[in-house]
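Only this structure's heavy atoms are used, side chains among them; waters, hydrogens and symmetry mates stay out. Order of the sequence lines sets the chain letters (A, B, ...), proteins ahead of strands, with each chain counted from 1.
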Amino acid sequence: MKNLLERLYNGMIKENPTFVLVLGMCPTLAVTTSAKNGLGMGLTTTVVLAMSNLIISALRKVIPSRVRIPAFIVIIATFVTCVELLLKAYLPDLNKALGVYIPLIVVNCIILGRAESYAYSHSMLPSLFDGIGMGLGFSLALTLIGAVRELLGAGTLFEMTVMPEGYVPINIFILAPGAFFVLAVLTAFQNYLKIRAKASGKEVRKPSGCGHDCASCAESGCSSRFYDEKAAEADTETEKEEER
Amino acid sequence: MSEMYKVSANPHIRSKVTTSGIMMAVIIALLPATGFGIYNFGIRALWVILVTVASTVLTEFVYGFCRKKPTISDLSAVVTGLLLALNLPVGIPLWMAALGGVFAILVVKLLFGGLGQNFMNPALGARCFLLISFPAYMTDFACDAYSGATPLAVLKAGGEVNVHDMIMGNVAGTIGETSMIAIIIGACILILLGIIDLKVPGSYIVTFVIFIVLFGGNGLDPRYISAQLAGGGLMLGAFFMATDYVTRPVTPMGQIVFGVFLGIMTGVFRVFGPGAEGVSYAIIIGNLLVPLIEKVTKPAAFGVRRNKG
């Protein structure tokens with residue numbers, strides 16, 4: 001049980017797909033024009049991510065590793081199609097707002113990344129929770145970006161007017177450049193929090209079972225790689241060996 | 001060995017030209033255009049200028065204070081603020097002018113590493129930020145003295161313009177762009193002091209004229225050409241913003257390529273674009289291409305034979 005909760009925490013905070021792993025930038029930048037669109041996109045992706053992780057994990061002993069990527073894509077595409085048809089039937093407005101980015105969930109690298117780095121080498125229940133955690137982390141990030149952009153760019157939040165009467169919306173925030181501004185500022189802010197946590201002596205927890213042996217570790221999306229000195233050393237040593 | 005030799009690391013030859021000296025010269029060169037803008041548009045223009053300069057300087061000061069590396073004394077924030085103000089319409093709400101100043105200094109300049117590291121002209125970056133954010137306010141040139149439409153907009157709509165007024169500056173527009181004469185006086189000061197040369201502005205304006213003659217639809221009509229030259233931000237952009245040391249190429253050949261590119265882009269925006277004006281977008285797009293231009297036009301070092309192929 002602790003392991004499952006750790007997966008949720010890992011996906012939402014520690015290895016947040018948007019702010020830490022910086023994956024899936026295309027939908028992040030394109031659809032977050034409002035908090036509602038961001039939340040809708042995030043939850044849709046969560047469903048696909050959780051289901052595909054579950055199925056891939058269940059089939060991991062059946063899928064030969066040589067053809068695993070096409071197999072993953074088939075599984076993911078199946079769920080995306082299901083979700084798209086469901087959205088068209090029950091939430092046509094949201095489907096219209098998200099447009100082509102719903103079918104494009106198939107190529108969202110978070111989903112393929114988690115299938116490759118987690119679901120293919122772990123059992124079903126942790127994989128399911130990993131998918132849910134990552135999906136919720138993605139939803140959280142997209143909703144946050146969408147909320148900031150909507151607030152500044154339109155003066156509303158979830159389509160309710162919150163800014164005072166005389167507020168002049170800063171249009172640029174609901175256009176493409178605004179997405180980059182908001183993403184950059186939020187990422188910088190969470191890095192600042194992380195650096196401060198590290199400076200105050202709180203040890204940044206490693207993923208469960210991390211042995212600093214990144215070269216043979218399946219967690220290709222592991223964020224420790226980037227600030228773990230031992231891991232970095234191990235990495236450069238392997239590179240040197242490869243060069244030889 | 002009775003004499004003591006001073007041992008130091010290079011550089012051993014130092015120029016007396018300082019950053020703040022150059023910035024001071026640019027401020028002085030901008031004064032004619034600034035003064036004319038205040039004379040032309042009234043006291044409100046002065047307030048817009050003061051608010052914009054105050055916001056850029058204050059942003060630079062606060063950031064330097066927080067980072068404990070004060071950079072305020074190089075005067076570059078004053079130049080940015082002044083240039084931005086000269087690019088704003090006189091009727092703009094003051095808080096927008098201040099927001100533009102903060103954006104110019106904080107986002108375009110300081111977050112990319114401060115003076116010398118910015119990849120586009122901060123004043124123009126902020127102008128485009130404001131133009132996209134508040135299109136209604138940024139293109140509303142109506143004020144006490146003028147009814148609204150800029151000469152270029154009139155020209156684009158097929159109307160007649162008074163070229164004499166455009167050269168003097170008695171027309172609608174942003175605070176600092178209207179008077180060709182005031183800008184040329186300032187440009188002459190910079191050229192005489194050796195701060196800028198004619199490579200960028202010269203190639204820019206010549207290319208623009210050729211483009212207008214070829215594609216403007218009026219052929220060699222001198223009235224049309226001079227109206228296009230005197231109208232909009234062309235003069236201000238060519239002499240004061242395209243020549244920004246940080247965001248133009250360093251290679252002499254590259255500067256000419258840069259100017260030609262700006263001339264073509266400005267012509268394309270003015271002739272084929274939906275709006276009447278395109279100097280600021282042309283210059284910031286040019287700024288983004290500077291690393292490429294420099295790479296292509298890098299001169300061969302002395303004694304090095306350039307590899308073919």
Side-chain angles (χ1 to χ4, degrees), chain A residues 18-20 22 25 28-35 37-38 144-157 159 161-200, chain B residues 48 51-52 55 59 62-63 66-68 84 87-89 91-114 117-140 274-275 280-281 284-285 287-288:
Chain A
T18 303
F19 295 135
V20 181
V22 201
M25 283 297 107
T28 305
L29 295 169
V31 303
T32 52
T33 48
S34 69
N37 285 358
L144 209 59
I145 296 174
V148 175
R149 289 180 66 188
E150 191 183 346
L151 190 68
L152 293 173
T156 60
L157 204 56
E159 290 168 6
T161 309
V162 283
M163 284 302 204
E165 190 86 339
Y167 179 73
V168 183
I170 307 173
N171 274 348
I172 202 168
F173 280 102
I174 50 172
L175 300 172
F180 286 94
F181 293 149
V182 174
L183 176 66
V185 169
L186 291 178
T187 307
F189 182 66
Q190 74 90 28
N191 270 341
Y192 166 76
L193 290 182
K194 195 182 273 175
I195 291 167
R196 212 181 55 171
K198 209 177 176 188
S200 70
Chain B
V48 173
V51 166
T52 317
S55 77
T59 310
V62 170
Y63 189 86
C66 293
R67 298 283 315 273
K68 300 189 178 62
L84 175 62
N87 272 296
L88 298 175
I92 190 167
L94 292 177
W95 68 268
M96 284 182 194
L99 182 70
V102 174
F103 184 86
I105 294 295
L106 186 66
V107 177
V108 186
K109 196 173 90 177
L110 292 177
L111 287 184
F112 284 90
Q117 307 293 326
N118 45 302
F119 66 104
M120 65 164 72
N121 187 310
L124 280 181
R127 179 185 141 88
C128 293
F129 169 79
L130 292 176
L131 200 58
I132 297 170
S133 296
F134 313 108
Y137 292 89
M138 283 295 286
T139 51
D140 177 16
S280 33
Y281 284 124
I284 61 171
I285 293 173
N287 288 161
L288 300 183

Report summary line: Within residues 176-188 of chain A, contacts to chain B at heavy-atom distances under 4.5 Å involve F181(A)

Report summary line: dist I170(A):CD1 -> L130(B):CG (nearest 0.5 Å) comes out at 9.5 Å

Residue [X] versus chain A: region with a heavy atom under 4.5 Å:
X: L99(B); answer: side chain
X: P93(B); answer: neither
X: Y137(B); answer: side chain

Query raised in the report: Within a radius of less than 6.0 Å around CZ of F119(B), do more than 12 heavy atoms belonging to other residues, nucleotides or ligands occur?
Result: yes

